[in-house]
There are 2 protein chains.
Amino acid sequence: MSSGDQRAPGASSTGTAGIADVASLAGVSQSTVSNVLNHRERVAAETIDRVERAISMLGYVPNGAARSLAAGRSRSIGLVLSDLGNSLFVDIARGAERAAEEHGLSLLVANADGRLEREDRYVDLFTESRVLGTLLTLNDETHYRALSTRRARGTVLTLLNFHADAAAFCSAYFDNEAGGRLATQHLLDTGRSRLVFVGGPSALQPVADRREGFRRTLAASGIRPVDELSPDGINRADGWKVGHALAARVVTGEIDGVVAASDLLAAGIVQAFTESSGIGVPDIVGVIGYDNNQAAWDSPIQISTISQPGAELGYAGVGLLLDDLDSGEHEHRAVRLEPSLVIRQSTGR
Amino acid sequence: MSSGDQRAPGASSTGTAGIADVASLAGVSQSTVSNVLNHRERVAAETIDRVERAISMLGYVPNGAARSLAAGRSRSIGLVLSDLGNSLFVDIARGAERAAEEHGLSLLVANADGRLEREDRYVDLFTESRVLGTLLTLNDETHYRALSTRRARGTVLTLLNFHADAAAFCSAYFDNEAGGRLATQHLLDTGRSRLVFVGGPSALQPVADRREGFRRTLAASGIRPVDELSPDGINRADGWKVGHALAARVVTGEIDGVVAASDLLAAGIVQAFTESSGIGVPDIVGVIGYDNNQAAWDSPIQISTISQPGAELGYAGVGLLLDDLDSGEHEHRAVRLEPSLVIRQSTGR
DNA sequence: TTGTATGCGTTATCAC
DNA sequence: GTGATAACGCATACAA
């Protein structure tokens with residue numbers, strides 16, 4: 001009445017076969033089964049064979065809970081995303097996924113959908129699941145402050161898309177100011193100098209940073225910006241309105257280049273220019289976007305843009321996380337990722 | 001040397017406080033702690049207080065693995081998505097999330113990214129995690145067949161976006177043919193009768209179904225379709241090309257309405273009509289899309305479209321899943337969700 | 001209302 | 001190379 005007693009080998013009482021069922025069917029001990037699962041090298045080839053046959057006969061699926069309980073660690077890491085609707089975050093997930101895969105880990109993803117309360121819930125869930133660690137993407141100063149207040153112990157947290165104080169967390173983020181500089185410089189390099197920046201709500205930190213890059217680049221060349229616009233949003237329709245407003249000034253030659261804070265914005269602007277006013281893009285005016293979204297390449301006139309390496313961000317995040325785990329006393333680090341210029345038709349020459 | 005021996009109350013050996021630490025700090029037994037976690041109603045208010053104080057003092061976080069092992073069930077469900085890049089799947093995730101939340105469950109999301117092998121891996125992962133069940137979105141007959149072959153036991157699987165054989169799985173899916181009918185009828189209702197269908201690769205089952213709806217609606221009215229086109233893709237650039245090809249026939253009056261198989265397609269068509277040929281939309285020609293994507297509303301001329309209730313699909317999926325779990329002998333069901341017409345400018349009159 | 005004892009399914013340690 | 005046995009941290013009868 002101790003170890004492997006009479007449990008019908010096959011579909012057991014609970015509906016799921018356990019390691020004991022496999023063991024008795026294969027005529028070995030539980031430890032041997034466990035060994036073929038976790039340390040094949042310690043097991044004879046022929047034994048492996050028998051056990052594996054038994055496993056598939058029974059449709060045995062190891063119980064992850066028991067597994068990580070006994071092992072004291074799990075083989076997965078969590079990722080809490082701010083917004084699945086934004087393709088940038090999807091890219092981040094892809095990169096994280098790839099990194100996890102390379103380390104033989106699984107990635108569990110949860111969507112906070114911009115809600116602070118959900119963010120919390122999922123961080124807690126992952127913590128309780130005893131994932132190796134959790135990656136958290138952040139938009140917002142608000143959320144960051146809430147986070148600092150909350151208990152951060154219990155799990156290793158790494159912040160993504162946000163430049164955190166290295167005293168508290170590891171983080172990986174994009175250099176938006178550099179992106180603004182890249183875009184502006186590209187317009188200068190292609191012979192334009194009468195430039196306007198089209199931004200958006202100033203509350204968006206990335207947009208503000210991009211504008212800063214615009215300003216600095218022009219200042220460094222001793223050029224004065226023609227104008228800076230801040231539509232209500234950064235979508236295509238907003239760009240379309242701005243484009244129409246700008247068209248006359250392009251025709252007069254006052255403007256020959258537009259730096260837009262998003263691809264959607266840029267696509268709307270290009271559309272407005274070409275459709276009603278017959279303004280040639282890129283001949284008369286160059287337009288550059290930001291994000292390297294579908295809007296940028298899936299457009300009649302493909303739009304030059306700044307690409308943010310979302311996948312790399314996710315990849316780097318996993319790296320930071322694992323690093324944090326390994327080294328006992330670990331200095332938190334902030335990794336800044338540089339955007340890059342993607343040249344397409346809208347600025348061609 | 002039996003139950004609560006000497007483990008330094010506070011940060012324990014492993015770095016994490018356990019339920020035993022909480023119990024001894026609060027001066028109660030482990031089961032009492034467990035009860036305040038799971039059955040508060042059985043515990044005296046004052047005891048709850050003491051225990052909770054101890055919990056927060058120690059920063060105690062229950063171990064999910066141990067928890068679901070002991071309880072025999074977890075509190076989360078899995079969702080494997082075909083393609084996070086498609087906003088429809090994001091909507092599905094949102095709906096599933098809402099349903100899960102309402103049931104006090106957590107939703108774990110994984111992105112298969114269109115790869116069959118990943119689909120498998122994640123279904124397996126969720127199965128090992130002993131989630132309550134797994135939701136799986138499917139595009140493709142191929143994947144479905146692979147699925148039927150594979151072991152499907154071990155976890156409850158519910159299929160989304162795919163009409164599965166009710167003998168094997170529960171499933172929830174969209175009625176694409178009805179959508180095609182809706183779109184076509186709307187064009188007829190607004191006084192157009194010289195209609196063309198713009199589809200895409202015939203391998204896409206949904207597109208084929210939508211075309212079928214187009215055909216049947218016209219047949220029912222005794223009208224002959226003017227034409228059916230199948231561009232290489234269903235993106236904006238494809239639409240733009242088709243639009244230019246169609247423009248002349250619109251000008252001659254041969255065509256007064258276009259049913260497009262996607263919003264991107266429709267947006268490209270509208271753009272081509274208005275920009276170069278000056279063809280008035282909706283005055284000269286009505287255009288309707290499909291999907292209710294951002295492309296449909298975030299366009300200078302907002303595009304009428306067919307909306308698929310992605311969130312509802314996810315919501316319904318969770319319902320089916322939980323149903324399947326509860327009822328011992330459960331008849332698998334296939335739930336069909338109806339799309340709806342969204343009228344915007346591109347068909348207005 | 002609270003405490004005691006047993007088991008969840010697996011891994012790891014140690015003998016053999 | 002293989003097998004016995006003790007944890008892993010918690011939930012849940014059941015007894016008190």
Side-chain angles (χ1 to χ4, degrees), chain A residues 1-5 7 9 12-24 26-51 54-55 58 60-75 127-130 154, chain B residues 1-5 7 9 12-24 26-51 54-55 58 60-75 127-130 154:
Chain A
M1 51 197 65
S2 52
S3 45
D5 354 45
R7 224 166 123 200
S12 77
S13 44
T14 70
T16 327
I19 203 173
D21 302 310
V22 176
S24 72
V28 297
S29 75
Q30 297 198 19
S31 346
T32 299
V33 177
S34 172
N35 276 333
V36 351
L37 257 38
N38 305 299
H39 311 281
R40 307 176 80 80
E41 71 279 4
R42 300 182 191 165
V43 185
E46 195 240 348
T47 310
I48 293 186
D49 229 55
R50 271 217 319 280
V51 170
I55 286 180
L58 295 172
Y60 164 72
V61 178
N63 181 321
R67 216 167 183 184
S68 47
L69 180 58
R73 65 202 145 65
S74 87
R75 296 300 296 164
T127 305
E128 295 183 12
S129 301
R130 295 296 192 269
Chain B
M1 51 200 65
S2 52
S3 46
D5 354 47
R7 227 167 122 201
S12 77
S13 43
T14 70
T16 328
I19 202 174
D21 302 309
V22 176
S24 72
V28 298
S29 76
Q30 296 198 19
S31 26
T32 299
V33 177
S34 171
N35 276 332
V36 351
L37 257 37
N38 306 299
H39 309 281
R40 307 177 80 79
E41 70 279 4
R42 301 184 190 164
V43 185
E46 195 241 349
T47 310
I48 293 187
D49 230 54
R50 271 217 318 279
V51 170
I55 287 181
L58 296 171
Y60 165 72
V61 179
N63 181 322
R67 215 168 186 184
S68 46
L69 180 58
R73 64 202 146 66
S74 86
R75 298 300 295 165
T127 306
E128 294 184 14
S129 301
R130 295 295 192 272

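Note that the structure is predicted; figures quoted are calculated from it, not measured. Heavy atoms only: backbone and side chains are in, while hydrogens, waters and symmetry mates are out. Chain naming here is simple, since letters A, B, ... match the order of the sequence lines and numbering starts at 1 in each.
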Side-chain atoms of residues 63-74 of chain B: list all donor-acceptor pairs with protein atoms under 3.5 Å, sequence neighbours left out, distances to 0.1 Å.
from, atom 1, to, atom 2, distance (Å)
B/Asn63, OD1, B/Ala65, N, 2.8
B/Asn63, OD1, B/Ala66, N, 3.1
B/Arg67, NH2, B/Asn38, OD1, 3.3
B/Ser68, OG, B/Gly64, O, 2.9
B/Ser74, OG, B/Ser76, N, 3.3
B/Ser74, OG, B/Arg130, O, 3.2

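The structure places CG of B/Asn35 at 12.0 Å from CD of B/Gln30, a figure rounded to the nearest 0.5 Å. Taking CG of A/Asp21 as the start and OH of A/Tyr60 as the end, the distance is 9.5 Å to the nearest 0.5 Å.
One interatomic measurement links the two molecules: CZ of B/Arg73 to P of D/dC10, which rounds to 16 Å at whole-angstrom precision. For the pair A/Leu37 CG and C/dA12 C1', the interatomic distance rounds to 14 Å; values are reported in whole Å. Look at CZ on A/Arg67: it is 19 Å from C1' on D/dG9, rounded to the nearest Å. Remark: P of D/dA11 and CD of B/Gln30 are 10 Å apart, rounded to the nearest angstrom. Going from atom CD1 of B/Ile19 over to atom P of D/dA11 covers 5 Å, rounded to whole Å. Regarding A/Ile48, its CD1 atom lies at a distance of 10 Å from the P atom of D/dG1, rounded to whole Å. Across the protein-nucleic acid pair, B/Asn35 atom CG and C/dG3 atom P stand 10 Å apart, rounded to whole Å. One atom, CD of B/Glu46, and another, P of C/dT1, lie 13 Å apart when rounded to the nearest Å.
Across all strands shown, B/Val33 has no heavy atoms under 4.0 Å from either base or sugar-phosphate atoms. The residue A/Arg40 sits apart from the nucleic acid: no heavy atom pair falls under 4.0 Å.
In terms of phosphate contacts, A/Arg50 brings no side-chain nitrogen or oxygen within less than 4.0 Å of OP1 or OP2 of D/dT2. For the pair B/Thr32 and C/dG3, the criterion of a side-chain N or O lying under 4.0 Å from OP1 or OP2 is met. Put simply, B/Arg42 has no side-chain N or O that comes within less than 4.0 Å of OP1 or OP2 on C/dT1. Here B/Asn63 does not reach the OP1 or OP2 of D/dC10: none of its side-chain N or O atoms lies under 4.0 Å away. Between B/His39 and D/dT12 there is a side-chain N or O to OP1 or OP2 distance below 4.0 Å.
The base of D/dA4 sits within donor-acceptor range of the side chain of A/Ser31, with an N or O pair under 3.5 Å.
With C/dC8, C/dT11, D/dA11 as the candidates, the nucleotide lying closest to the side chain of B/Leu69 is C/dC8. Which of C/dC8, C/dT2, D/dG1 sits closest to the side chain of B/Thr47 comes down to C/dT2. The side chain of B/Ser29 lies closest to C/dT4, out of C/dT1, C/dT4, D/dA11.
Minimum heavy-atom separation, A/Ala26 to A/Arg50: O-NE, 3.0 Å. A pairwise comparison of heavy atoms in A/Ser34 and A/Ile19 identifies N-CD1, 3.9 Å as the closest pair.
By the side chain to side chain contact (heavy atoms under 4.5 Å, CB included) test, B/Thr47 pairs with B/Val28, B/Thr32, B/Val43, B/Ala44, B/Val51, sequence neighbours left out.
Where the helix from C/dT1-D/dA16 to C/dC16-D/dG1 starts and where it ends, the local axes point in directions that differ by 30°; five pairs per end, rounded to 10°.
Where B/Ala70 and B/Glu41 meet DNA chain C, the nucleotide closest to each residue was compared, and B/Glu41 sits on the side nearer the 5' end.
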